[in-house]
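This report refers to the structure that appears directly beneath it.
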Amino acid sequence: MPTRLSIAVPDDFDLPRDACSYGYFLLAPNLWNPDDLSLSRPLDLDGGPAKVRIRQPSRPGGPLRVDTDRTLDPAERAEVRAQVTRMLRLDEDASHAARFHSLDPRFKESGRFRLFRSPTLFEDVIKTVTSCNVTWTSTILMNRRLCECFGRGGSFPTAPRLARTPPALLRGRCSVGYRDRRIVEIARLFTGRAITTGATPRRIPPVDAQTLESPATTDQAVLDSLLALPGIGPYAAANIMQLLGRYSRLPLDTESVRHGKTILGFKGSPAQVMKRVREHFVPMGDQAFRSYWFELWRFYESRHGPAWTWRRDSTGRLFTSAHLST
DNA sequence: GGTAGACCTGGACGC
DNA sequence: GCGTCCAGGTCTACC
């Protein structure tokens, strides 16, 4: 027997705009359907996996209608509410929008300020690792296989599941390459265990997700904790920080260089262009990433149409340098 | 502190 | 169909 939940949202919330706002909405197990404007995916709940389908019949501001494929008990309903709230950043309201739009009024009319993310920090971290040093098509593949091979009911694999997976098996089944060991080590850290790793062995304390998610923790403390994780460098740490709602740092990569050259008109070596891109967004202060990202996103939409029209298995595969370079 | 090279995979390209 | 080259961020060794 399916369960239907109704979740209240901020007045401005618009599901197609706010769900299709960051590339992870195109990665498994997420599935955006442009035909009926719904977001579907399995969620791993205490009582087992459950598929959810999220719609917003009355937009903007109307409550979300969340349908599941099985009956949920009260505790599981609370879990779904918490995970949907995290994914869609329902806790970011008009005050967050005003803060961003006062610094960058270009996006006031569209109302863009929310950035899609995963239902758990662990999924965000692993998705970030799978996006490093690969083309977008490989990132798509890795996430699909992780869900198919190690997720319950097609959901994203949990930390305990990946923590007990042999790295070679992960590599063989999911094409994660040399990231195999790093992913397993991160999973172990998320299960509350410390590890010792590296060519010059160093001890890494367990990840305290609650502290990382807490607004009371300083940006510097979060950054230091993230950089200590295996496979997490400056780019990945900055990206995870924006996924944690901390927008002052830019995850600069080769895509930033392309953007700096073609859209912002900067010249020079990749390192010089990156430096100029970073400086360009300094005036945006603690909203720098939002300003940078929605500028980038606007470029993608100019190429491929509004993001809510993109399909995971067609348009969603086109975000490679070959398709984006001018 | 700065930097070159290794790490892997999928895709593009030439034959 | 096969071989080669390239893109991509992090880690390590070395200067």
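Reckoned from all heavy atoms, side chains included, excluding hydrogens, waters and symmetry mates. In what follows, every chain begins at residue 1, and chains take the letters A, B, ... in the order their sequences are listed.
Following rounding to the nearest Å, A:His259 (NE2) and C:dG8 (P) show an atom-to-atom distance of 16 Å. Atom pair A:Asn143:CG and B:dT9:P shows a separation of 16 Å (rounding to whole Å applied). At whole-Å resolution of the value, CZ in A:Arg182 and P in B:dC8 are 9 Å apart. Atom CZ of A:Arg173 is separated from atom C1' of B:dT9 by 19 Å (rounded to the nearest Å). The separation between A:Asn133 atom CG and C:dC11 atom P is 11 Å, rounded to whole Å. When rounded to the nearest whole Å, the span between CD1 of A:Ile204 and P of C:dT10 equals 15 Å. Whole-Å rounding puts the A:Ile186 CD1 to C:dC11 P distance at 9 Å. For the pair A:Asp180 CG and B:dC8 P, the computed distance is 7 Å after rounding to whole Å.
Nearest-nucleotide mapping onto DNA chain C: of A:Cys132 and A:Thr200, the residue sitting toward the 5' end is A:Cys132.
Between A:Ser175 and B:dG10 there is a side-chain polar atom (N or O) within less than 4.0 angstrom of OP1 or OP2. Contact annotation: A:Thr137 side-chain N/O to B:dG10 OP1/OP2 distance is not under 4.0 Å. The side chain of A:Arg179 contributes no N or O atom lying less than 4.0 Å from OP1 or OP2 of B:dC7. Within the structure, a side-chain polar atom (N or O) of A:Arg145 is placed less than 4.0 Å from OP1 or OP2 of B:dG10. Look at A:Ser138 and you won't find any side-chain N or O under 4.0 angstrom from OP1 or OP2 of B:dG11.
Taking the side chain of A:Thr254 as heavy atoms from C-beta on, and the options C:dT10, C:dA13, C:dG8, the nearest nucleotide is C:dG8. The nucleotide whose nearest atom lies closest to any side-chain atom of A:Arg171 is, among B:dT9, C:dG8, C:dT12, B:dT9.
One can find a donor-acceptor pair under 3.5 Å joining the base of C:dG9 and the side-chain atoms of A:Tyr178.
Residue contacts for A:Leu229: at a heavy-atom cut-off of 4.0 Å it reaches the sugar-phosphate backbone alone, with no base atom in range.
Atom OG1 in A:Thr309 sits 10.0 Å away from atom NE2 in A:His304 (nearest 0.5 Å).
Remark: aromatic rings of A:Trp297 and A:Trp308 are distant, center separation not under 6.0 Å.
Open room surrounds CG on A:Asp11; 12 or fewer heavy atoms of other groups in view lie less than 6.0 Å from it. The 12-atom threshold is exceeded at CZ of A:Arg55, counting heavy atoms of other residues, nucleotides or ligands nearer than 6.0 Å.
In this structure, A:Phe25 and A:Trp310 have parallel ring planes: the angle between them is below the 30° cut-off, well short of the 60° mark.
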